[in-house]
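For reference, the structure discussed in these notes is given below.
Bear in mind the structure is a predicted one, so any value in this text is a computation, not a measurement.
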Amino acid sequence: MLSEPRSGRLAAWGNALLSGLVSPDDAVLAIVGDDAVHRVEGLPGESGPVGLTLALGRLRTLGVGALRVALPAPGHPLGLSGPPEFNARALQAEEAVVCHGAAFGLVPEVYEAGPEGDVHAEVAWHVLPVREAPPADVPSLGEAERELAEALREATQVLSRLDVAGSGPVAEAAIDAYRARAERGRAQDVLAPGYPPRAARVLEMAQRVGLLVSLAYEGGHGGAVSASEMAARGAALRPVERTARRAQVAAYNSVVEEREKGVR
């Protein structure tokens, strides 16, 4: 969870493009990031894969006004609304983008290509029909911020007591690298123009919580040597990881939330 999901980049910069705040070239450059290329397959009216620029323009003509993010996990269909076929593909990928204004969703499939030592990622976004219904379990931005602050406080206390929050030079290096990215305004860059400052703050906090969880998992059992301590460790990590994913989705989807508030 430390790095932003590809669905987050597509939704954030796709929303900026759909709102006329960035150029198509700038949006595609930000969405692709370090990947080699992104293609979109199954787009209505196209017989084969197309580039992101054409795909985003076509989605606009089909009625898409904004993009939402889904970050589902087993037992937690976060951001999904069906049908089962789309939910299953999104769950397998652990992420998806759901269109607002037209019943389409996009699920990424990542391929590795290139010779050994120069391997790069290529992404195919599969367009599938979705059910037009409220997404599952997505909090408002304010709710996500409150939940995240509480979860971070509780998890830090438990993990510190069990000595499993991560320590040593590897953990310190990861934390230093994260802080350096945060100081460069990484969260705001990811969210793209048009997002409220609160959304950038919530996303930054969610990524910080994600780092804590990642370090705890990567550290094995740490000081949790008894069965009861290992159970307590897992009990502490699971809800905070879930809360962080909910906060990420709330941040990426805040543009749609604000738009819907204006309609009501």
Side-chain angles (χ1 to χ4, degrees), residues 1 4-24 26-28 30-31 52 55-72 76-82 90 95-106 125 130-152 182 185-210 242-264:
M1 192 189 294
E4 69 272 15
R6 289 180 172 87
S7 57
R9 295 204 307 264
L10 177 58
W13 289 91
N15 283 332
L17 176 61
L18 292 169
S19 299
L21 299 175
V22 297
S23 70
D26 287 344
V28 170
I31 293 168
L52 281 173
L56 289 168
R58 177 63 55 80
L59 289 173
R60 187 204 299 268
T61 64
L62 292 170
V64 175
L67 302 171
R68 284 189 171 107
V69 170
L71 297 177
H76 189 205
L78 176 62
L80 300 177
S81 58
E95 61 177 309
V97 171
V98 180
C99 298
H100 179 68
F104 301 109
L106 297 92
W125 292 92
V130 299
R131 182 179 298 139
E132 293 185 281
D137 198 36
V138 177
S140 69
L141 204 54
E143 290 170 340
E145 189 170 31
R146 290 190 296 272
E147 291 175 2
L148 202 53
E150 181 178 353
L152 177 60
R186 179 173 174 270
Q188 188 63 59
D189 290 342
V190 170
L191 278 176
Y195 277 84
R198 189 178 198 179
R201 184 169 69 246
V202 168
L203 181 59
E204 192 276 337
M205 189 185 301
Q207 291 174 336
R208 179 151 42 94
V209 171
R242 181 186 182 109
T243 299
R245 283 191 297 108
R246 278 166 49 86
Q248 277 190 301
V249 171
Y252 286 123
N253 295 359
S254 58
V255 165
V256 182
E257 179 189 346
E258 290 298 315
R259 185 173 301 180
E260 291 179 337
K261 282 182 180 178
V263 172
R264 290 195 291 267

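Between atom OH of residue Tyr252 and atom CD of residue Glu4 there is a gap of 5.5 Å, rounded to the nearest 0.5 Å. In this structure, the separation between CD1 on Ile31 and CZ on Arg9 is 8.5 Å, given to the nearest 0.5 Å. Between Phe104 atom CZ and Leu62 atom CG the span is 5.0 Å, to the nearest 0.5 Å.
Nearest approach of Ser81 to Ala133, heavy atoms of both residues: CB-O, 3.5 Å. Taking each heavy atom of Val202 and Ala247 in turn, the nearest pair found is CG1-O, 3.7 Å. The minimum heavy-atom distance between Ala103 and Glu132, with the atom names listed, is CB-CG, 3.7 Å. The shortest heavy-atom contact between Gly105 and Val130 is N-CG1, 3.5 Å. Nearest heavy-atom pair, Ala250 versus Pro139, reported as atom, atom and distance to 0.1 Å: CB-O, 3.5 Å. Taking each heavy atom of Leu80 and Ala90 in turn, the nearest pair found is CD2-CB, 3.8 Å.
Tyr195 and Asn15 form a side-chain donor-acceptor contact under 3.5 Å, judged by distance and modelled atom types alone.
Residue pairs meeting the side-chain hydrogen bond (donor to acceptor under 3.5 Å, both in side chains) criterion with at least one partner in residues 133-146, sequence neighbours excluded, are His76-Asp137, Asp137-Arg246, Ser140-Glu143, Glu145-Arg198, Glu145-Arg201.
Side-chain atoms of Arg60 come within 3.5 Å of backbone atoms of Leu18 as a donor-acceptor pair (strictly under, hydrogens ignored).
Two residues are said to be in side-chain contact when any heavy atoms from C-beta on lie closer than 4.5 Å; Leu71 and Pro5 meet this criterion. Counting heavy atoms from C-beta outward, Leu10 and Leu52 have side chains that approach closer than 4.5 Å. Residues Leu67 and Val98 have side chains not in contact (no heavy-atom distance under 4.5 Å, counting atoms from C-beta outward). A heavy-atom distance below 4.5 Å is not found between the side chains of Gln248 and Val69. For the pair Pro196 and Ser254, the minimum side-chain heavy-atom distance is below 4.5 Å.
With sequence neighbours left out, Val138 forms a side chain to side chain contact (heavy atoms under 4.5 Å, CB included) with Leu78, Pro135, Val249, Asn253. Partners of Val256 according to the side chain to side chain contact (heavy atoms under 4.5 Å, CB included) rule, which considers only residues two or more places apart in sequence or in another chain, are Ala66, Arg68, His100, Glu260. A search for side chain to side chain contact (heavy atoms under 4.5 Å, CB included) contacts involving Ala30 returns Trp13, not counting sequence neighbours. Every residue two or more places apart in sequence or in another chain that forms a side chain to side chain contact (heavy atoms under 4.5 Å, CB included) with Ala55 is listed here: Val40, Leu43, Val50.
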Q: In sequence, state the C-alpha distance, the side-chain angles, and the governing distance for Leu17 and Ser23, and then conclude on side-chain contact (heavy atoms from CB on, under 4.5 Å).
A: CA-CA 6 Å; Leu17 176 61; Ser23 70; over 6 Å; no

